[in-house]
Structures are given as C-alpha cells and as structure tokens.
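Along the sequence shown, the residues carry numbers beginning at 1. When a ligand or atom number is given, it counts from 1 through the structure's own listing order.
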Amino acid sequence: MRTFLDSLRKRGLITPEQSAKLEQTALQGGESPIRSINRLGYVEQQVLAVELSRHFGIKPLEETDWPETSVLPDCISPRFMREHRVLPLRADPQSITVAVSDPGDEHVLNAIRIASERQLDLRIATESQIISRIERLLDGGDASASTVVSRSEEDEEHLKDLALDAPVIDLVNRLFREASAARATDLHIEPARGRVMVRRRVDGMLQEAGTLPSDFGRAAVSRIKILTHLNIAERRLPQDGRARVRAGDREYDIRVATIPTIHGESIAVRFLSATDQVPNINKLGLVAQDIELLKQQAMHAHGLIVVTGPTGSGKTTTLAAVLDFLNDPARKILTIEDPVEYQVEGVSQIQVRPDIGLTFAAMLRSLLRLDPDIIMVGEMRDSETAKIGINAALTGHLVLTTLHTNSAAGAITRLLDLGVQAFLIASTLRCVVGQRLVRKLCVNCRKQYTPQSDILAELSPELTGRYKKPRHLWKAVGCDHCSGTGYLGRAAIFEMLIVDDALRRLIRPDVSAETVMKAAKSKGMATMLADGFAKCCEGITTVEELGRVVAED
Ligand SMILES: [Zn+2]
C-alpha cells in the first residue's frame with residue numbers, strides 16, 4: 001500500500017502531507033488509505049480507480065460485468081458487501097469475480113476467499129459505483145436504513161448465527177493455530193476504529209498479527225465467547241471464563257477475559273500450557289551450586305520455600321520443577337492453584353473457585369485436614385492465606401508458594417506486610433528464589449561484538465569492581481528463524497536467598513529489603529543482575545534485554 005501511495009504522490013495526485021496522514025491513520029489501526037482517500041476526497045474516484053487498476057494489475061470493471069441478481073448470497077451477506085464496498089459479479093465452482101474499490105485490503109479479500117471457498121478474480125470499480133449497485137441489486141431504497149438497524153440491533157440470535165458461520169469458525173481455528181505455531185502465550189482481539197486488530201504475545205512481547213474487518217472480528221469474539229461458555233449477549237460488562245476447547249484438529253486449554261471498549265468488545269485469550277512437560281529442576285537455568293542448595297532446602301520435612309517475581313516471570317514453572325523433584329509415592333503432595341498450569345503426575349492439584357467460595361484460604365484450611373506432607377499454594381495474595389500457610393509450615397508441612405515482589409529479599413517485607421509475625425517468618429522461611437525472564441538470543445543469527453569499556457557501569461554500578469569487563473558480548477540480529485526479532489524463547493535469571501542463622505536474626509518487624517539484600521550479598525549471593533550478566537557473557541541473552549527486564553523495578 002505504501003508503494004501505491006508513493007506512486008500517487010509521484011504523479012502529483014496527493015501531497016506528501018496527505019500521504020503521511022494516510023499512512024499514519026492506517027498504522028494506528030484506522031481505516032485503509034483507499035477508504036480515507038475516498039472519504040476525504042483527495043483524489044477523484046474515477047482517477048483513483050484507474051491508478052489502482054494500473055498499480056495492482058487488475059482489470060477495470062466493464063459495464064456488462066454488473067450482475068442481474070445476487071451472487072452467492074448465502075456466503076457474502078449484504079451487510080458485508082455494504083461495509084466493505086465489494087460486490088460479487090459472478091461465480092463458477094472454482095472462482096468468484098468480485099468488484100472491489102480497495103484491492104489492498106487483504107483481510108476483506110481473505111474473508112471472501114474463505115466464505116466462498118473459491119479463488120478470487122478481481123475487478124476495480126469506484127466506491128460509489130459499487131454502493132449504488134449493491135442498493136439497486138438488493139432493491140432497497142430503505143437499504144441504508146436497514147444497515148443502521150442491523151448494526152445497532154445485534155441481538156443474541158444474530159451474534160450466535162454469525163459465530164456459527166463456517167468462515168468464522170475457520171477464522172478462529174486459524175487464529176488459534178497460528179498463535180500456537182508462533183509460540184504465543186496470549187491472543188488479543190481488539191476492536192479499533194473501522195476494524196479489529198489481532199495481536200499475540202510471544203516471549204513476553206506483543207506482536208501485531210494483522211487486522212480483521214469489523215464484523216468478522218466481532219463474530220470471532222462471539223465465537224470464542226461461545227466456546228468458553230460466556231454470555232454472548234452481554235457486551236457491556238467484563239466477563240471471564242476458562243475452558244478446554246476444540247478448534248480445528250487440536251484442543252486448547254484457554255482462559256479468556258472480555259473488556260468493553262469504546263469501539264466494541266475486546267477479548268484476551270491466554271493459552272494455558274496444561275499439557276506442557278514439567279521442566280526438570282536441573283534444567284531451569286539455575287547455576288549448579290544453586291540447584292544443590294534448592295534441592296537441599298526442598299528435602300526438609302517442614303518450612304517455607306518462596307519463589308518471587310512479577311507476573312509472567314516463570315515462578316510457576318520453577319515451583320512445578322521443585323514439586324516434580326519432590327514427587328514420589330512416599331509423600332503426599334497437594335496443590336491449590338489459579339490456574340493449574342502444569343499437571344504433575346501423582347499430585348492432587350486443585351483449582352481455586354472464589355466464585356463459589358473456594359478461595360486460597362478456604363481451600364488451604366480444608367487441605368490441612370487431609371494430612372499432606374507438601375503443600376503448594378499458587379500465590380499468597382492475602383493475609384489470611386499467608387497466615388494459614390505459615391502455620392502449616394510451622395507444624396510439620398513443607399509449604400511452597402510464590403509472592404509478587406521484585407527481589408528475593410522483598411519476600412520477607414512482603415510477608416510482614418501481609419501481617420505475618422516476624423518470629424514466625426524467621427522460624428519457617430528456608431529460602432527464597434527471585435526470578436525474571438529474559439528473551440534468549442536466537443543462536444542462528446546472534447552476533448559477537450567487543451563491548452565498550454564502561455559496559456559494566458552502564459548496566460549497573462553494582463557490577464563494577466565485582467566483575468571484569470568481558471572480552472566479548474552478543475547482540476540480537478534477526479533472521480527467518482526468529483521472525484526477525486533476534487530472540488527465540490526465554491530463559492530465567494535467578495537470585496537465591498538462603499535464610500541462615502545470621503539472616504534469621506535480622507528478620508524483625510522493621511527490617512528493610514535493603515538490609516536483607518546487603519546481608520545476603522555479603523554472604524556471596526549472586527543477584528539476579530549478576531546472574532543475568534553471566535548469561536549475557538555466555539551468549540544466552542543481551543545486555544539490552546537484561547537492562548529492559550531488570551529496569552522494570
Ligand atoms: Zn534469528
């Protein structure tokens with residue numbers, strides 16, 4: 001589309017300012033440049049049609065091409081034709097000839113291809129020609145009125161119909177399949193002005209994955225809501241749900257959340273990796289010495305082990321690996337999670353359901369009556385859960401949990417904030433693993449370079465004096481393997497705080513995270529930053545990535 005705008009500009013049909021404005025609008029997810037040109041009247045429609053025909057190598061429409069009756073009315077609805085200014089001219093079993101005013105709108109063309117199950121043969125016509133023909137064909141002086149009505153009165157039945165349309169089912173199957181192929185953890189379908197944007201989260205970063213025509217996008221949202229048993233008529237209130245769904249030839253465990261926005265309902269799909277392999281504790285990416293320490297601590301019959309980090313930092317993965325390590329028939333292991341992300345063979349895992357009163361605290365209280373050896377509590381979010389959990393750790397259970405804090409040292413102050421008494425923390429806490437995820441360099445295209453002399457100071461003054469400037473580091477380049485990002489997959493960076501006698505004595509009601517951190521460092525604890533820096537030197541990640549992740553504090 002940019003080359004088309006360039007050619008219009010070169011021929012003096014639009015000004016550079018107009019061209020920039022059109023691109024800007026399209027980039028922000030607004031209407032397509034051709035639609036804007038027509039609406040703003042930058043170029044006379046007939047002239048535009050000639051230019052489009054020449055640029056895209058598509059035949060202009062002949063007067064005799066106009067159809068007498070509707071073509072494939074079951075596949076292409078009047079609504080779709082009006083909204084996208086397209087009109088099917090004729091069809092045979094293999095192909096469909098369609099008049100279009102915007103041949104650059106791939107999503108509309110794709111929608112027709114999918115809906116008609118035919119090859120496309122295009123003819124260029126002007127927007128006003130197409131609109132007037134659609135109305136003449138549908139025999140409606142009242143047609144424009146019915147457009148307005150059908151838009152505002154999307155009743156439940158209509159949405160359901162749309163969502164059960166084969167093209168929409170295909171679309172959702174394709175979105176899921178592509179998200180999975182791209183290793184996406186999340187899929188976002190978000191209405192913008194005039195269209196619907198699709199984005200995916202891969203390795204923690206959002207990527208654009210195209211746009212859909214509005215009605216198609218809205219139907220996809222309804223389809224996903226039906227799959228996850230949400231109320232499709234309710235589009236003004238947020239909803240969330242979870243289900244194992246079948247899409248195409250695969251099943252997906254998904255959790256969805258809908259949010260009403262000014263442009264319509266937006267939906268976020270999280271793909272839960274319940275079928276993922278539980279990682280091995282030796283392969284988490286902890287240094288050998290820390291693996292041994294963690295195993296030693298986990299082998300104790302009672303006490304508390306905490307994993308800390310922000311949302312999406314791989315805490316659950318670490319806990320699952322520890323559980324898997326501890327998992328043998330001689331130990332009774334129970335978990336309370338929200339959601340259950342990894343299924344561990346032989347472990348009873350329970351999903352919290354706050355909507356029916358099964359909160360973390362309530363579940364934990366009942367679980368203790370089942371006499372478990374080890375309990376994993378997905379997260380200690382509230383004071384009640386924290387207090388019951390600490391009591392369990394004190395009374396002969398090994399309790400594993402996560403806390404949402406920036407550093408390992410922060411776990412102690414967080415527990416104090418949750419109302420747990422300092423002496424109870426001191427007598428139960430065994431170790432805290434702090435972690436973050438960094439994107440891993442794509443080994444296919446990463447490139448070595450010699451860093452500047454002040455690289456350590458630039459990253460953090462904490463590193464200078466303790467580490468020598470590395471002879472070389474690695475940078476991200478980008479290739480086909482990694483979709484041009486230079487990164488592929490993620491790795492964790494860790495810090496491990498072992499609570500020994502000296503540290504235990506420091507745990508008082510007014511202790512600060514800094515004091516704990518300082519004491520731990522003086523005992524030789526490598527911080528997350530130091531661990532990450534070691535991973536930069538090994539070519540696992542880059543200093544830019546480390547800076548991005550650690551600077552989130
Ligand atoms: Zn690459």
Side-chain angles (χ1 to χ4, degrees), residues 1-3 27 29 106 174-188 197-211 250 252 269-273 275-277 279-280 282-287 309-314 316-318 321 435-452 455-456 458-460 463 467 469-494 528-552:
M1 193 41 66
R2 167 177 259 154
T3 60
L27 271 179
E106 276 303 320
R174 179 168 63 81
L175 289 175
F176 278 25
R177 195 172 56 238
E178 288 175 355
S180 153
R183 301 178 300 106
T185 49
D186 303 78
L187 175 71
H188 300 259
M197 321 247 304
V198 179
R199 297 195 290 174
R200 298 191 284 250
R201 193 177 289 282
V202 177
D203 293 340
M205 308 291 271
L206 270 183
Q207 296 178 346
E208 289 194 15
T211 56
R250 268 199 57 183
Y252 303 83
V269 178
R270 155 73 52 94
F271 294 97
L272 303 169
S273 41
T275 49
D276 272 10
Q277 281 280 301
N280 186 292
N282 299 312
K283 300 205 174 123
L284 284 172
L286 282 162
V287 295
T311 308
S313 55
T316 317
T317 306
T318 302
Q435 71 177 81
R436 295 279 166 92
L437 293 179
V438 290
R439 286 181 296 162
K440 278 202 304 200
L441 274 166
C442 167
V443 290
N444 193 49
C445 65
R446 66 178 176 185
K447 214 173 146 218
Q448 220 171 42
Y449 71 97
T450 309
Q452 300 284 308
I455 183 77
L456 287 164
E458 210 172 274
L459 196 52
S460 165
L463 297 172
Y467 297 88
K469 177 180 92 82
R471 228 172 300 149
H472 52 247
L473 285 166
W474 302 78
K475 65 178 163 199
V477 179
C479 69
D480 287 347
H481 282 259
C482 54
S483 320
T485 58
Y487 295 96
L488 199 62
R490 287 191 288 177
I493 54 174
F494 296 99
M528 236 176 312
L529 189 67
D531 185 44
F533 187 64
K535 282 165 180 156
C536 292
C537 299
E538 289 169 45
I540 294 172
T541 191
T542 63
V543 281
E544 291 74 27
E545 178 65 3
L546 183 58
R548 179 183 74 84
V549 168
V550 179
E552 277 169 10

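Looking only at side-chain heavy atoms (C-beta outward), F176 and R250 stay at 4.5 Å or farther from each other. With a 4.5 Å cut-off on side-chain heavy atoms, P470 and I455 count as touching. When side chains are defined from C-beta on, C536 does not count as touching T542, because their heavy atoms never get closer than 4.5 Å.
Across every non-hydrogen atom of R436 and V549, the tightest pair is NH1-O, 2.9 Å.
In D480, the CG atom is not crowded: 12 or fewer heavy atoms of neighbouring residues, nucleotides or ligands sit closer than 6.0 Å.
Looking at R548 and E545, a side-chain N of the basic residue comes within less than 4.0 Å of a carboxylate O on the acidic one, giving a salt bridge.
Inspection of the environment of the Zn ion (ligand 1) yields the following protein N, O or S atoms under 2.8 Å: C442 SG, C445 SG, C479 SG, C482 SG.
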